[in-house]
2 protein chains.
Amino acid sequence: MSSHLDQTFAALADPTRRAMLARLAQGEASVSELAGPFLGSMSLPAVTKHLKVLENAGLVIKTREAQWRPCRLNGTPLKDASNWIEQYRRFWEESFDRLDAYLKTVTRSDKGRHDGRKKKSR
Amino acid sequence: MSSHLDQTFAALADPTRRAMLARLAQGEASVSELAGPFLGSMSLPAVTKHLKVLENAGLVIKTREAQWRPCRLNGTPLKDASNWIEQYRRFWEESFDRLDAYLKTVTRSDKGRHDGRKKKSR
DNA sequence: ATTGTAATTAACTGAAAAGTTAATTATCTT
DNA sequence: AAGATAATTAACTTTTCAGTTAATTACAAT
């Protein structure tokens, strides 16, 4: 049992899969169209599997048209991923760097101790 | 050899690790403080390993203080992850849904064919 | 010096991930 | 009906990941 976010982030952790999403951002594509750029370095079944991971994560929706499987990107799981990350925005923005710098100025001694004792002063 | 984004997304794909980041967002914590909530369900070495993954991804910075390893969150890798995801924002926002709905209205037939032929009309 | 606490390292296990080749299914074309 | 094309499934290998227990390192306190 793995959460939605688990699956989304796991799917995004692979460069082949991110490239496939990038391709799909340009528009619908069949499996072989998606596979094209990778067939030099991996087999078609490997691509099918990557696609399955994206599909299971809900990032790609595969339909049927004759012997083709047109795929399109579904962004909704990315919304949750984005929201999750956004929680941490302050940790990479300027304002935080300044806060951080400030916190470093304040002596960490007592706040930082785990044994409830004072640190020797330097 | 895995890219920065690979490592970041892979690190975020695990709920234990995300929980550890959530804890660190509250402020610095030692390894055992971080481990606390999980010691019911996993061993301390397991926690150390998760922490190592976060550290390798650059999401956590571990320092030394006596026998403790105070850890703090470093948000910068999240910035890249966020930027990557933001590229796809239009795929989960209203405006896109409308565009999508519109595209479905227009007959997909020729646009969607991969063999350059016309579809039989229904 | 000995003991206790914090954390890591070592060595191992089991399960999941990522790839392979070969065979199979489904559909279209002639 | 036969052949070509698109894609998947099966069976297998290899590697990586997540966890375990036991041993070890490092420091502090007495």
Side-chain angles (χ1 to χ4, degrees), chain A residues 1-3 6-20 28-36 38-57 60-72 109 112-120, chain B residues 1-3 6-20 28-36 38-57 60-72 109 112-120:
Chain A
M1 181 190 47
S2 80
S3 95
D6 290 15
Q7 285 188 284
T8 303
F9 283 130
L12 298 181
D14 184 284
T16 302
R17 291 192 290 259
R18 288 198 305 277
M20 290 166 93
E28 198 173 271
S30 70
V31 174
S32 27
E33 282 170 337
L34 279 172
F38 307 110
L39 291 182
S41 54
M42 78 179 65
S43 69
L44 188 60
V47 172
T48 295
K49 284 188 181 183
H50 278 301
L51 206 40
K52 196 83 207 153
V53 173
L54 292 168
E55 218 184 340
N56 289 340
V60 162
I61 292 169
K62 201 166 12 177
T63 57
R64 320 183 52 138
E65 181 144 350
Q67 64 251 246
W68 292 276
R69 300 292 125 87
C71 301
R72 58 181 222 275
S109 56
R113 303 296 285 189
H114 307 282
D115 54 1
R117 290 164 198 256
K118 297 283 185 187
K119 196 156 70 167
K120 271 192 217 121
Chain B
M1 180 190 46
S2 78
S3 98
D6 290 14
Q7 285 188 285
T8 303
F9 282 129
L12 298 181
D14 184 283
T16 302
R17 292 192 290 260
R18 288 198 305 277
M20 290 166 93
E28 198 172 270
S30 70
V31 175
S32 26
E33 282 171 336
L34 278 173
F38 307 109
L39 291 182
S41 55
M42 77 179 67
S43 69
L44 188 60
V47 171
T48 296
K49 284 188 182 184
H50 279 301
L51 206 40
K52 196 82 206 158
V53 173
L54 291 168
E55 218 184 341
N56 289 339
V60 162
I61 291 169
K62 198 162 19 174
T63 58
R64 321 183 52 137
E65 180 144 351
Q67 65 253 241
W68 292 276
R69 301 292 127 84
C71 300
R72 58 180 221 276
S109 56
R113 303 297 286 189
H114 306 283
D115 55 2
R117 292 167 197 253
K118 298 281 184 191
K119 195 154 71 167
K120 273 195 214 108

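In what follows, chains carry the letters A, B, and so on, assigned in the order in which the sequence lines appear, proteins first and then strands, with residues in each chain numbered from 1.
The CD-P distance, from Glu33(A) to dA7(D), rounds to 8 Å in whole Å. To the nearest angstrom, P of dT8(D) lies 12 Å from CD of Gln67(A). Distance Arg69(A) CZ to dA6(D) P: 12 Å, rounded to the nearest Å. Atom C1' of nucleotide dT20(C) and atom CG of Leu39(A) are separated by 14 Å, given to the nearest angstrom. Atom CZ of Arg18(A) and atom P of dA18(C) are 12 Å apart (whole Å). In this structure, Glu65(B) places its CD atom 12 Å from C1' of dC27(D), rounding to the nearest Å. Straight-line distance from the CG atom of Asp6(A) to the P atom of dA17(C): 11 Å, rounded to whole Å.
Applying the side-chain hydrogen bond (donor to acceptor under 3.5 Å, both in side chains) test to residues at least two apart or on different chains, the pairs with a partner in residues 38-50 of chain A are Arg17(A)-His50(A).
Comparing Lys62(B) and Arg64(A) by the nucleotide of DNA chain C that holds the closest heavy atom to each, the one mapping nearer the 5' end is Lys62(B).
Rounding to the nearest 0.5 Å places CG of Leu51(B) at 12.0 Å from OG1 of Thr16(B). To the nearest 0.5 Å, atom CH2 of residue Trp68(A) and atom CD of residue Glu28(A) are 13.0 Å apart. Atom OG1 in Thr8(A) sits 10.0 Å away from atom CG in Leu54(A) (nearest 0.5 Å). A distance of 9.5 Å separates CD of Glu33(B) from SG of Cys71(B), quoted to the nearest 0.5 Å. Note that CG of Asp6(A) is 4.5 Å distant from CZ of Arg18(B), once rounded to the nearest 0.5 Å.
Leu12(B) and Phe9(A) make their closest contact through O-CD1, 3.4 Å (heavy atoms, listed as atom of the first residue, atom of the second, distance). Ala10(A) and Ala13(B) make their closest contact through N-CB, 3.5 Å (heavy atoms, listed as atom of the first residue, atom of the second, distance). Listed here is the closest heavy atom pair of Arg72(B) and Thr63(B): NH1-CG2, 4.2 Å.
Comparing the start and finish of the helix from dA1(C)-dT30(D) to dT30(C)-dA1(D), five pairs each, the helix axis swings through 10°, to the nearest 10 degrees.
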Note to self: Protein within reach of the bases, or only the backbone? For nucleotides 9-21 of chain D, mark each nucleotide 5' to 3' as B, S or -, using heavy atoms under 4.0 Å.
What the structure shows: B-B------SBBB
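OP1 or OP2 of dA6(C) has not a single side-chain nitrogen or oxygen of Ser30(B) nearer than 4.0 Å.
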